[in-house]
Amino acid sequence: MLRPAGSARPRTPIVLAIGRVLLVAAGAALLFNLVQLFGLLNERGRAQQEAAREDTVWAAYQLEREAAKLRDELEEEQGDIGAWIEAVTQHYDILYSRTGLLSEGQLAARFGQASELAAQVSLLRDDIVGLAPSFDAMMAGIAPSEAELAALDRKVHGITDRAGLLLIATNTRHSAVKVAERAEVKGYYEQMALSAGGLASILGLLIILPILQLRQIRRINDKFHRAALDAEAGSRAKSAFLATMSHEIRTPLNGILGMADLLADDRLDPGQRQKVGVIRSAGDLLLDVINDILDYSKLESGAVEFNVSSFRLDELVGVVAEMMRPRAQAKSLLFEVSCPSVNVTTDPVRLRQILINLVGNAIKFTEAGKIKLSTTIGEAPGGVSCLEISVTDTGIGMSEATIGKLFREFEQGDPSINRRFGGTGLGLAICKRLIDTMGGVIEVTSTVGEGSTFLIKLPCEVATAGPAARHEQPQLKRSGRVLVVEDNPVNQQVAEGLLRKLGMEVTVADNGADAIEMVRAQQFDLIFMDMQMPVMDGLSATRALRAEGCRIPIAGLTANAFESDRADCLAAGMDDFVSKPVTRAKLEETIVRLLPDATAQPALPTPEQVVRVDKAQQQSLIDELGADMYRELVQQFHADAIDLMAEAEAEAGSAAEIRALHSLKGMARTLGFSAIGDLAAAAEDTAREGRKPNLGNLAAAIGQPMELPSAA
Amino acid sequence: MRFALLAGTALAIFACTPAFADALAMPAGKVVLEVSGKIANTNDGATADFDMDMLNGLAGRAIVTNSPWYDGPRTCNGPLGSALLEAVGASGDMLKVTALNDYVTEIPVSDFLDNAAILATTLDGEPMSVREKGPIFIIYPFDEQPALNNETYYGRSAWQVKSIEVY
């Protein structure tokens, strides 16, 4: 998906870079050319040269004029011979002075190769200089003879004609040079125009180039964006698929695990019990796999919610240890746990998930020796407290290469591992992602054949805590009327069976509409409500019940184990949520949470806690009604007693108070609760005398657990 | 240049002081330059006549320069134009310079005052005959002031100068 963009990307900038370098180089060359041309045009000598050439033409003209003047002077009437000679010789001197302005070298320099011109100048100068002796003689006072004067006149005529020709030739040549030079200058200007044009184009390209580049970047960006959208859509589709798959697998698994639970409680021979155990553990394994996949897809889509809270670390570690210990024991592994008594602030659910995964792996990959779960408080960089948890095993270990791909999705350390140990290969990837998201790190050290150590460093707040509260997990007996709303017959049976085992009285409804009818007709203490049902689904039914003012606790049952489902349940008015497959443990947990009254009866209550009971009365009732019925009556009494107490308190000083206390007294004595009966009677008497009875003692007695005869 | 001008002025004043009453000394040799027009000091009616010695007695300078008329740099020496104007007490703005062949060129007075042009009387130390564009050649310091290298100043550089009219 990203390949075309990826392959196009490296080529483009090189082309652009080369293009830019070439443009800049060409621009520099053009600029240099331009400067050179400008220099050529602006050369100082050029003006002088031009002026000199014009001067030469001027000089040729002057020469011709001076020659003509001399000619005219020579032919002038000789009035005063002295003045004439002075005038004539001065004109000759002026003419002579002009010859120096037309040297062959200068002509060559000014007009280029102009040999014809030079030859003419040479002849002319020779002619003019050749006349010097004649004029020198005149200056010396030797008057020329008639013949000499005629010869001089002829020569000056010749010079004049030659000077005229030279003027024409020089002027022609000057024009030619001027034309040539104008052409040259024009050429320079054309070159300059071309260079300037080239520079302008390059400038334009240099401006356009980044724009093109920008457009290309934008295109690539768009492509990436589309790819990202595609990927996101793909990811969403995958998540939806996983959710569906998880639902489809959980529903049948619910039946398998539930029935296995029920079967395990039946009277079975050891062989059968072992087979049920295998079914149960295989189902658990399958459930783990599904949970892994679901967790992973949730992590990938960023749907995992972290709920940070402060909790006792040693309690959490203890829970994990107790959970995992049976597995370690099953493989005859030593399982050492150490943990300081501290309160830490992080997400307990995720931490437990990580620990279970790591310890589970350690047990899985260790055949003999021990597993060690050790927790210490260290310090992370920056002075923050850091929870350091290490899980060490003496298992098969891993090579460097294996460690390298350990945290990758869908990969197990070694392909053969999968065959030997099974699993999705997602566990560590999930752990790593969780730890990363929580801002921690996970490190591994391992030696093949000797074992591995996984070390987690998790920055979190740490506070020392007092000794752990003792947690007793008394075996509870329960009672209560439960409505199970579930369309699947197998699941109906499972839920019904498990709840009955837990001591509940169970009624089953096939869908939400039936459930509403039943709730209207009968009394229930708790409702388990499936989500997806025909006729009316669980959420609608719950909303309808809540709208009617029904306050019975409702727990949702669903195979969709996503966080959003839980949110939907709570939004519809449910109090809790049980993810399928339903197990005895889950149901029990929910009942404990939602029906504290129903669980308020430890099997072995201490004497002080038990309210005095009239055993004979109790026994006669049990004989007549049966133990179950009696138990139900007690539950009923308990609920009614609380109501009556509330009424008595609310109607203090009235006939209603006396009536309520009277009813309470009667009910308590009927059921054999003599202590409560006596207290109620005393309160009734006090009230009848118009005084305020002490209801505190009575309420305390009612709140006490009530001894029930064993169910034998 | 300014120093030369000042020195020239001082010299001219010194030179003229004894003859201040009759304005200007009389030329002893052949007159080579006649100055006329708006001038205060004369020695021949309305004209100030100069022989070569009088000219060379004025504050002068040497200009070594390339020019369109000679190949390579030549040394020209002679009185500063400003010194001549000072000597004749010129008060005009323009000079009409006439050559032996009656070539006429016009030069602003400011050229002589600002550009230190000279009336060259020797070339490479030798006096210039008429055949060598003498006896007087107006030369600008072309090499010192490249801005002078154009037709305007080439045209003002008259040779075989015989008279100057101040107006």
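For clarity, every value in this text was computed on a predicted model and none was experimentally measured. Per chain, numbering begins at 1; letters A, B, ... match sequence-line order.
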Counting heavy atoms not belonging to B:Lys96, are there more than 12 under 6.0 Å from its NZ?
-> no

Shortest non-hydrogen contact from B:Asn101 to A:Arg65?
-> O-NH2, 4.5 Å

Pairs of heavy atoms under 4.5 Å with chain B: top-ranked of A:Thr99, A:Leu95, A:Asp136 = A:Asp136

Heavy-atom neighbours of B:Tyr167 OH exceed 12 at 6.0 Å = yes

Result of checking B:Lys133, B:Arg131, B:Glu132, B:Gln160 against A:Ser97 for side chain to side chain donor-acceptor pair (under 3.5 Å) | B:Gln160

Is it true that atom NZ of A:Lys69 has more than 12 heavy atoms of other residues, nucleotides or ligands lying nearer than 6.0 Å?
-> yes

For A:Glu86, does the CD atom sit with more than 12 other heavy atoms under 6.0 Å from it, leaving out its own atoms?
-> no

